[in-house]
Amino acid sequence: MNYKSLGKFLSYKLIRLVLLLVAVSLISFLLIDLSPIDPVKSYIGEVSVSPEQVAKLEAFWGVNEPITTKLINWLGNLLHGDFGTSLIYRVPVIDVISERFFASLTLMFSSWLISGVLGFVFGVLAGMHKGTWIDKAVKVYCYILLAAPTFWIALILLMVFSVDLGWFPTGLGVPVGKLAENVTFFEWLDRLILPAITLSLLGVAQIAMYTRDKLVNVLSDDYILFAKARGENGWNLIKRHGIRNIILPALTLQFLSFNELFGGAVLVEQVFSYPGIGQAAVAAGLRSDVPLLLAIVLFSTLFVFCGNAIADALYNFVDPRIKEGESSE
Amino acid sequence: MNKSKNTYYFKKMNLRTKTLLIISLTALILIAIVINSFFIEASSLTTNFPMRNMPPSFEHIFGTDWMGRDMFTRTLKGLGLSIQVGAFASIVSTIIAVILTFVSRLNKYLDSFVNWLIDLFASIPHLLVIILVSISLGGGLFGVIIAVGVSHWTSLTRVLRAEIKQINTFEYIALSKSFGKSNLWITGKHFLPLVLTQIILGTILIFPHAIMHEASVTFLGFGLSPHEPAIGIILSESMKYLATGAWWLAFFPGLSLLLIILIFDLIGDNLRKLLDPTKAHE
């Protein structure tokens, strides 16, 4: 491994990340400022207040100040790690984010792992048996699942397994009447299974389709013909010449899917009322909790960026062919 | 006898004819749904309380909702709306993609700027972009169309940029330049005709994503207003009635949406087959 080029790569990525976060915060701040959201109104909610108090709140928050002042204040606070206070949860935004992001990451990581492994296995099976019923079944599954709206699949699973069969609770992150800290591992797992399965079902389609096409491509290469002529066949052939060639692109694709994964998690969390970052984002958007929404945008961008950067690194540093190409330069 | 003859004809057709047939048939279905949705008057969706929460029957094949409205009619109306929103949004996306592609051709700095812009938009989760933009435009039909439009141009722009870069290396481009032709002339005469098929194909491939995202944001409550007959609205309403066992409220509208998206995928894939010269022999 070339540590110098790795360092160069990492510092380059870091600069890009900083630029990206600055741009994202500027754009999202501008978009929110353009919107007809009234922060004072969303803070007050249903409580009746006198106009003087409203004026006081407006002055306190600087609602009527020019946008440049607002922006500079907000960015200055961000640099100190102060994301403000969430209007709907009434606690510092950073607390909401850290708690919710942990729940979401568990959900996303488990479904990412399941869908990656299952999708790869399905893809290899379909590619190995091109044209047979296995291939056709995998293809039909992929086509349908790629066209299925995430939240609809979630609704159907919720209906079948929670409402009809009663195997899983219908929602809420913790059982009714219990504090979040007292939830046992199994109660928590009970609520994780169905959302994770939903996300995995959808994630499988993309990776299986890709793996299948890649493997079919590889298997039509000349060296496969040569290997067959040498007498290699069956699983050994696939293992030695197929898998080695497709596992890296498939892994890269799986890391590039963080964007879709996050979108799916938002919808799934909403349907199952799973207390994750996606549900918080929807609540923040619907109830005009600007500080929380902006922070979620920033953190989710960071999350997606990490996925893309890992995919890039896989290509540049792990792929033996590219490594070789670099050293011969 | 007649049936076997028909399948015989179908087998005899070459891929091109078959593909064209599939494309025109499916396109016909979609156009029929959109036109039909214009003729569904609000009067046919009147509330009919004696008939409320009826499971599917021959009279109401998708069942009825809690106000006794026929779910089949509501679904059709919603699909029509979804297709229209999808169409506008993908056109907006395509326009953005084409403009950015040709802007990126002007000079090196603009090119890296466009590249950076693509990276930027690919790094924010799509759904959050749509939520942010539709919040900032105050929601509604216009907000959703623009929001979906500005979040789906990245893939097409990538494809077009790669294409343009390749065309740029051709000799006749250099020849045109040395003849003193203006940049605009070269763009119009040499680039546009070559990427036109890619642009059309790109628009159609954006379509299913646009419809899906429209339904998603509407489902979450950021899109169309609750009195609009969109699929997302129907499904988010159905969530309230899941516990009562009214499965048909969610099942059929979602399934219809799935079918529409599947049809679009089918059209896109077949068109690609038709337009891609490297696969023409298959």
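Letters A, B, ... mirror the listed sequences (proteins, then strands); counts begin at 1. Owing to the predicted nature of the structure, the values given are computational and were not obtained by experimental measurement.
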Shortest non-hydrogen contact between [X] and [Y], atoms and distance:
X	Y	answer
Asn308(A)	Ala122(B)	ND2-O, 4.3 Å
Asn259(A)	Ile124(B)	ND2-O, 3.5 Å
Phe251(B)	Ile156(A)	CD1-CD1, 3.5 Å
Ser123(B)	Val304(A)	O-CB, 3.2 Å
Ala23(A)	Trp116(B)	CB-CH2, 3.4 Å
Leu235(B)	Phe151(A)	CD1-CE1, 3.2 Å

Inter-residue atom distance Leu31(A).CG - Leu137(B).CG, 0.5 Å rounding: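 Atom-to-atom, Leu31(A):CG and Leu137(B):CG are 8.0 Å apart.
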Would you say Ile27(A) and Leu120(B) make side-chain contact, with heavy atoms under 4.5 Å? yes
Are Leu127(B) and Phe262(A) side-chain neighbours, meaning at least one heavy-atom pair lies under 4.5 Å? no
Of the listed residues (Leu298(A), Val24(A), Leu286(A), Thr150(A)), which shares the most heavy-atom pairs with chain B below a 4.5 Å separation?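 Greatest number of close heavy-atom pairs with chain B: Leu286(A).
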Which of Ala148(A), Gly307(A), Gly264(A), Ala281(A) touches chain B most, by non-hydrogen pairs under 4.5 Å: Ala148(A)
Could you list which of residues 136-144 of chain A have a heavy atom closer than 4.5 Å to any heavy atom of chain B, in residue-number order? Tyr143(A), Ile144(A)
Are there residues of residues 204-220 of chain B that reach to under 4.5 Å of chain A by heavy atoms, and which ones?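 So far as heavy atoms go, Met212(B), Ala215(B), Ser216(B), Phe219(B), Leu220(B) are the residues that approach chain A to under 4.5 Å.
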Report which part of [X] has an atom under 4.5 Å of a heavy atom belonging to chain A: side chain, backbone, both, or neither.
X	answer
Leu255(B)	both
Leu258(B)	both
Leu128(B)	side chain

Heavy-atom count around Phe305(A) CZ within 6.0 Å, excluding the residue itself: above 12? yes
Heavy-atom pairs under 4.5 Å with chain A: which of Val133(B), Ile231(B), Asp119(B), Ile130(B) has the most? Asp119(B)
